[in-house]
Amino acid sequence: MVHLLLAIIYIAFISLGLPDSLLGAAWPVMHEDLGAPLSYAGIISMIIAFGTVVSSLQSDRLTLWLGTGKVTAISVAMTATALLGFSASSEFWMLCLWAIPYGLGAGGVDAALNNYVALHYRSWHMSWLHCMWGVGAATGPYIMGMALEMGKGWPAGYHIISSR
């Protein structure tokens with residue numbers, strides 16, 4: 001049972017990494033579709049980063065109150081919903097709005113699972129945990145590239161990732 005839980009946590013970290021590099025892969029097409037300047041990708045990135053920091057700082061309180069499982073489930077749901085929102089966005093301001101739950105959810109999952117692994121497993125599992133994040137971060141742009149190459153567009157790339 002312990003190994004199954006660790007496998008699920010590793011899979012969760014792959015899923016956490018999947019969307020983290022999507023904006024960079026998709027923005028050259030997105031900014032043209034949205035009529036936004038190329039530099040506006042930084043605004044979205046900063047909103048996501050701010051949400052991640054806020055939720056990471058509040059993670060201890062939330063984890064003590066709700067438990068790691070509930071914090072993870074809520075955070076994953078927030079992130080998936082935000083990515084689905086990204087896929088449905090037709091204006092830059094919509095992306096900014098969806099970036100808030102995206103950052104909050106991603107930071108919640110990251111902090112809660114990092115803490116859980118640090119407390120319950122040997123230290124080398126933390127290295128493997130972040131290796132799994134890297135697998136997701138490397139795979140996300142590939143999935144986006146496939147969606148763009150197949151003519152589905154960037155919304156399809158975000159939609160595919162939101163369902164993972």
Side-chain angles (χ1 to χ4, degrees), residues 8-59 61-63 65-66 68-114 129-164:
I8 291 169
I9 293 171
Y10 284 164
I11 291 168
F13 254 71
I14 292 171
S15 295
L16 181 64
L18 282 170
D20 283 358
S21 49
L22 281 185
L23 187 63
W27 192 251
V29 176
M30 289 175 71
H31 88 92
E32 290 177 354
D33 290 353
L34 299 170
L38 191 60
S39 62
Y40 277 25
I43 295 170
I44 297 168
S45 293
M46 290 309 299
I47 294 169
I48 294 168
F50 182 75
T52 300
V53 169
V54 168
S55 65
S56 294
L57 291 172
Q58 295 303 314
S59 178
R61 289 182 187 171
L62 287 172
T63 301
W65 182 46
L66 297 171
T68 303
K70 287 182 184 174
V71 170
T72 301
I74 292 167
S75 297
V76 166
M78 285 175 63
T79 304
T81 301
L83 291 170
L84 193 59
F86 262 55
S87 75
S89 295
S90 59
E91 301 284 335
F92 175 75
W93 67 267
M94 297 167 98
L95 291 175
C96 291
L97 197 62
W98 285 113
I100 297 168
Y102 175 177
L104 291 172
V109 172
D110 189 22
L113 291 181
N114 270 302
L129 186 69
H130 291 92
C131 176
M132 295 300 111
W133 175 89
V135 168
T139 305
Y142 180 76
I143 293 170
M144 180 60 76
M146 293 286 290
L148 293 172
E149 180 68 27
M150 293 171 36
K152 304 288 185 187
W154 61 268
Y158 274 102
H159 190 268
I160 291 166
I161 298 295
S162 75
S163 65
R164 301 294 174 242

Practice item. Check for a donor-acceptor pair, side chain of Ser162 on one end and backbone N or O of His159 on the other, with a separation under 3.5 Å. Key: yes
**Study point:** Exceeds 12 heavy-atom contacts within 6.0 angstrom, atom CE of Met94
**Key:** yes
Review point. Under the side chain to side chain donor-acceptor pair (under 3.5 Å) test, which residues partner His130, sequence neighbours left out?
Key: Asn114
**Study point:** Pairwise distance CD1(Ile160) to CG(Leu22) - rounded to 0.5 angstrom
**Key:** 10.0 Å
Check your understanding: In Å and rounded to the nearest 0.5 Å, what is the OG1 to CD distance from Thr63 to Gln58?
Key -> 10.5 Å
Check your understanding: Taking atom OG1 of Thr52 and atom CG of Leu104, what is their separation to the nearest 0.5 Å?
Key -> 7.5 Å
Practice item. Could you tell me which residues satisfy side chain to side chain donor-acceptor pair (under 3.5 Å) with Trp98, sequence neighbours excluded, listed by chain and number? Key: none
Study note, to complete from the structure: The ring-ring contact (aromatic ring centres under 6.0 Å, His included) partners of Phe86 (sequence neighbours excluded) come to Tyr102, Tyr158
Check your understanding: What pairs with Tyr10 under ring-ring contact (aromatic ring centres under 6.0 Å, His included), at least two apart in sequence or on another chain?
Key -> none
Exercise for review: Output all residues satisfying side chain to side chain contact (heavy atoms under 4.5 Å, CB included) with Leu113, sequence neighbours left out; order by chain, then residue number.
Suggested key: Ile9, Ala12, Phe13, Thr68, Thr72, Val109
Exercise for review: Report the residues that fulfil side chain to side chain contact (heavy atoms under 4.5 Å, CB included) with Ala80, sequence neighbours left out, ordered by chain and then residue number.
Suggested key: none
Point to revise | Partner residues of Tyr40 under the ring-ring contact (aromatic ring centres under 6.0 Å, His included) criterion, sequence neighbours left out | key: Phe92
Practice item. Would you list the pairs meeting side-chain hydrogen bond (donor to acceptor under 3.5 Å, both in side chains) in which at least one residue belongs to residues 82-93, sequence neighbours left out? Key: none
Practice item. List in chain and number order the residues that pass side chain to side chain donor-acceptor pair (under 3.5 Å) with Trp27, two or more places apart in sequence or in another chain; answer none if no residue qualifies. Key: none
Study note, to complete from the structure: For residues 141-151, the side-chain hydrogen bond (donor to acceptor under 3.5 Å, both in side chains) pairs (sequence neighbours left out) are none
Check your understanding: Residues in side chain to side chain contact (heavy atoms under 4.5 Å, CB included) with Val53, at least two apart?
Key -> Leu57
